[in-house]
Asks: 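One structure coming up, written as structure tokens, with questions to follow.
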Amino acid sequence: RLFYPFFWDNSHWQILGERCTISSANLNPDRWMGTQSLSIHAHFYQPPREDPLTGRIPIEVGAAPFQNWNERIHAECYRPNAELHNFEQISFNVGPTLLAWMAHHDPQTVTKIVAQDAANLRRNGVGNAIAQGYNHTILPLSTRADKITQVAWGCAEFRHRFGRDPQGLWLPETAVDLETLEVLEQAGLRFTILAPWQAGVTGNGEVDPTEPYWVELPNGRRFTVFFYQKDLSTRISFDPSATINADDFARHILLSYFNPDKTRRGEPQLILAASDGELYGHHQHLRDRFLARLMDGAVSPLDLHKTYPA
């Protein structure tokens with residue numbers, strides 16, 4: 001298959017005009033035959049809000065009763081999700097600038113987040129946290145040197161916090177071009193997550209988001225891409241009525257996104273939903289508890305395998 005990578009320029013999706021080959025990476029049939037798998041990815045990020053002269057975050061009136069938005073979002077989202085062990089149940093990335101602030105403000109929560117990744121590392125041989133470009137820079141708009149720097153710093157921050165090399169990296173706004181993927185591959189990374197509309201496939205229909213793909217790179221190597229399920233991700237993010245009850249969501253909404261033809265043929269499928277992590281408790285009240293119930297209870301009777309890209 002051929003596809004055209006898109007990137008986000010803060011106003012609309014634009015085609016880059018770069019033509020490359022994309023092919024199904026396939027899920028290991030011996031391990032996953034007949035398996036329906038679910039992965040939730042949460043992207044946690046806050047920009048640096050510190051005054052460059054004082055090194056402190058000024059009082060932000062809109063965040064009342066908290067001093068600033070970092071403290072408010074932390075109380076509503078990051079800390080409760082860590083206490084509920086949600087970081088252990090999902091795929092996630094935490095932006096370096098956010099982790100740096102959190103390590104100073106509430107190091108115990110950082111310790112819990114890191115420990116939950118480490119629990120998966122012990123259990124499965126691979127962790128569920130992935131890295132992020134350091135400054136949330138839109139990488140396709142950057143020079144190659146800046147791409148290399150942002151990826152290298154993001155990976156270095158990840159090693160510092162999590163004590164291991166990252167396998168994947170979340171691209172800010174999922175913005176991508178072939179040079180960015182090549183930089184990721186050369187940094188030793190193995191995969192990223194993109195939106196399905198970023199693959200303008202020609203000649204053989206649309207991409208199937210229930211399976212990963214390989215992208216053939218100009219340097220002759222290839223790189224793995226997971227596409228999130230856009231409709232499911234949109235419902236989770238912007239339809240609060242859909243996520244009131246985790247059990248109803250799992251039975252009546254989630255199951256409908258699996259490909260029935262693949263189910264009949266006994267082929268493995270992965271449904272990956274992605275959103276801002278702040279959705280779970282900050283943007284939408286009590287959705288931290290929705291996530292906890294979904295991943296540690298609601299999907300169990302449905303014979304769904306909880307997993308994460310790796």
Side-chain angles (χ1 to χ4, degrees), residues 7-8 10 40-52 55 57 60 63 68-82 86-88 90-117 127-142 146-176 180 183-184 187 189 191-195 228 233 237 274-283 288 291 308-309:
F7 76 96
W8 181 249
N10 292 329
I40 302 291
H41 183 83
H43 161 57
F44 298 94
Y45 170 74
Q46 295 299 318
R49 290 189 165 92
E50 291 81 4
D51 184 318
I57 301 178
E60 297 175 321
N68 55 68
W69 281 108
N70 278 20
E71 291 185 8
R72 178 170 175 174
I73 298 169
H74 183 75
E76 295 175 345
C77 175
Y78 308 133
R79 185 170 61 226
N81 276 287
N86 283 344
F87 286 93
E88 188 172 342
I90 63 174
S91 168
F92 71 91
N93 69 280
V94 185
T97 54
L98 171 58
L99 270 178
W101 172 86
M102 199 185 303
H104 175 76
H105 177 77
D106 184 3
Q108 290 182 336
T109 293
V110 176
T111 298
K112 291 177 182 177
I113 293 171
V114 171
Q116 289 171 48
D117 170 76
N128 57 311
I130 66 174
Q132 178 196 298
Y134 192 86
N135 288 117
H136 211 270
T137 303
I138 306 304
L139 292 182
L141 302 180
S142 304
D146 284 345
K147 288 182 174 77
I148 292 171
T149 298
Q150 287 293 318
V151 171
W153 286 9
C155 290
E157 169 73 9
F158 186 93
R159 293 186 195 98
H160 171 64
R161 301 293 179 189
F162 291 90
R164 64 177 180 86
D165 289 332
Q167 286 201 332
L169 184 139
W170 177 266
L171 295 168
E173 307 298 342
T174 71
V176 71
T180 298
V183 167
L184 297 187
L189 294 156
F191 71 88
T192 191
I193 300 169
L194 298 178
Y228 65 75
S233 300
S237 299
S275 71
D276 285 344
E278 289 77 15
L279 165 75
Y280 300 108
H282 171 61
H283 295 318
D288 52 322
L291 182 61
Y308 47 88

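Just so you know, these numbers use all the heavy atoms, side chains as well, and skip hydrogens, waters and symmetry mates. Here the structure is a predicted model, which means the values were calculated and not measured.
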Asks: When you measure from the side chain of Asn128 to the backbone of Phe87, do you find a donor-acceptor pair of N or O atoms at a distance under 3.5 Å?
Replies: yes
Asks: Quick check: does any side chain N or O of Asp276 sit under 3.5 Å from a backbone N or O of Leu279, one acting as donor and the other as acceptor?
Replies: no
Asks: Can you name the side chain to side chain contact (heavy atoms under 4.5 Å, CB included) partners of Ala75, sequence neighbours left out?
Replies: Phe66, Arg79
Asks: Looking at side-chain heavy atoms only, is the closest gap between Val151 and Leu189 below 4.5 Å?
Replies: yes
Asks: Tell me whether the rings of His282 and Trp69 are parallel (<30°), tilted (30 to 60°) or perpendicular (>60°).
Replies: perpendicular
Asks: Would you say the side-chain atoms of Asn135 and Gln150 include a donor-acceptor pair closer than 3.5 Å?
Replies: yes
Asks: Would you check, one step at a time, whether the test ring-ring contact (aromatic ring centres under 6.0 Å, His included) holds for Tyr280 with Phe92?
Replies: CA-CA 12 Å; Tyr280 300 108; Phe92 71 91; over 10 Å; no
Asks: Quick check: does any side chain N or O of Thr180 sit under 3.5 Å from a backbone N or O of Val176, one acting as donor and the other as acceptor?
Replies: no
Asks: Hey, are Arg49 and Asn70 close enough side-chain-wise for a donor-acceptor pair under 3.5 Å?
Replies: yes
Asks: Search all heavy atoms of Tyr45 against all heavy atoms of Gly95 and return the closest pair with its distance.
Replies: CD1-CA, 4.2 Å
Asks: Are any side-chain N or O atoms of Gln116 and backbone N or O atoms of Glu88, one a donor and one an acceptor, separated by less than 3.5 Å?
Replies: yes
Asks: Do the non-hydrogen side-chain atoms of Thr137 and Asp146 ever get within less than 4.5 Å of each other?
Replies: no
Asks: Under 3.5 Å, is there a donor on one side chain and an acceptor on the other for Tyr78 and Glu278?
Replies: yes
Asks: Would you be so kind as to tabulate the donor-acceptor pairs closer than 3.5 Å made by side chains of residues 97-104, with sequence neighbours excluded?
Replies:
residue: Thr97; atom: OG1; partner: Gln46; partner atom: O; Å: 2.8

Asks: So which atom in Ala131 and which in Pro166 form the shortest heavy-atom distance, rounded to 0.1 Å?
Replies: CB-CB, 3.8 Å
Asks: Could you walk me through whether Asp117 and Arg164 satisfy the side chain to side chain contact (heavy atoms under 4.5 Å, CB included) test, starting with their C-alpha distance in whole Å, then the side-chain angles of each, then the deciding distance to 0.1 Å, before giving a yes or no?
Replies: CA-CA 10 Å; Asp117 170 76; Arg164 64 177 180 86; 2.8 Å; yes
Asks: Give the ring-plane orientation class for Phe162 versus Phe158, where under 30° counts as parallel, over 60° as perpendicular and anything between as tilted.
Replies: parallel
Asks: Listed by chain and number, what are the side chain to side chain contact (heavy atoms under 4.5 Å, CB included) partners of Gln108, not counting sequence neighbours?
Replies: Asp106
Asks: Not counting sequence neighbours, which residues clear salt bridge (charged side-chain N to carboxylate O under 4.0 Å, His left out) with Asp165? List them please.
Replies: Arg159
Asks: With a 4.5 Å cut-off on side-chain heavy atoms, are Leu184 and Leu171 touching?
Replies: yes
Asks: Could you tell me which non-hydrogen atom of Cys155 sits nearest to which non-hydrogen atom of Leu169, and how far apart they are?
Replies: SG-CD1, 4.3 Å
Asks: If you take all heavy atoms of Ser237 and Ala274, which pair is closest and at what distance?
Replies: OG-O, 4.4 Å
Asks: Looking only at heavy atoms, what is the nearest atom pair of Gly277 and Cys77, with distance?
Replies: O-SG, 3.4 Å
Asks: Measure the spacing between CD1 of Ile138 and OG1 of Thr174 and express it to the nearest 0.5 Å.
Replies: 9.0 Å
Asks: Please name all residues satisfying salt bridge (charged side-chain N to carboxylate O under 4.0 Å, His left out) with Lys112, sequence neighbours left out, ordered by chain then number.
Replies: none
Asks: Looking at every non-hydrogen atom in both residues, tell me the closest pair between Glu50 and Gly55 and how far apart they are.
Replies: CG-O, 3.4 Å
Asks: Mind checking ring-ring contact (aromatic ring centres under 6.0 Å, His included) for His41 and listing every partner two or more places apart, or none if nothing turns up?
Replies: Trp170
Asks: To the nearest 0.5 Å, what is the distance between OH (Tyr228) and CG (Leu194)?
Replies: 9.0 Å
Asks: Kindly compute the distance separating OG1 (Thr192) from CD (Gln167), expressed to the nearest 0.5 Å.
Replies: 13.0 Å
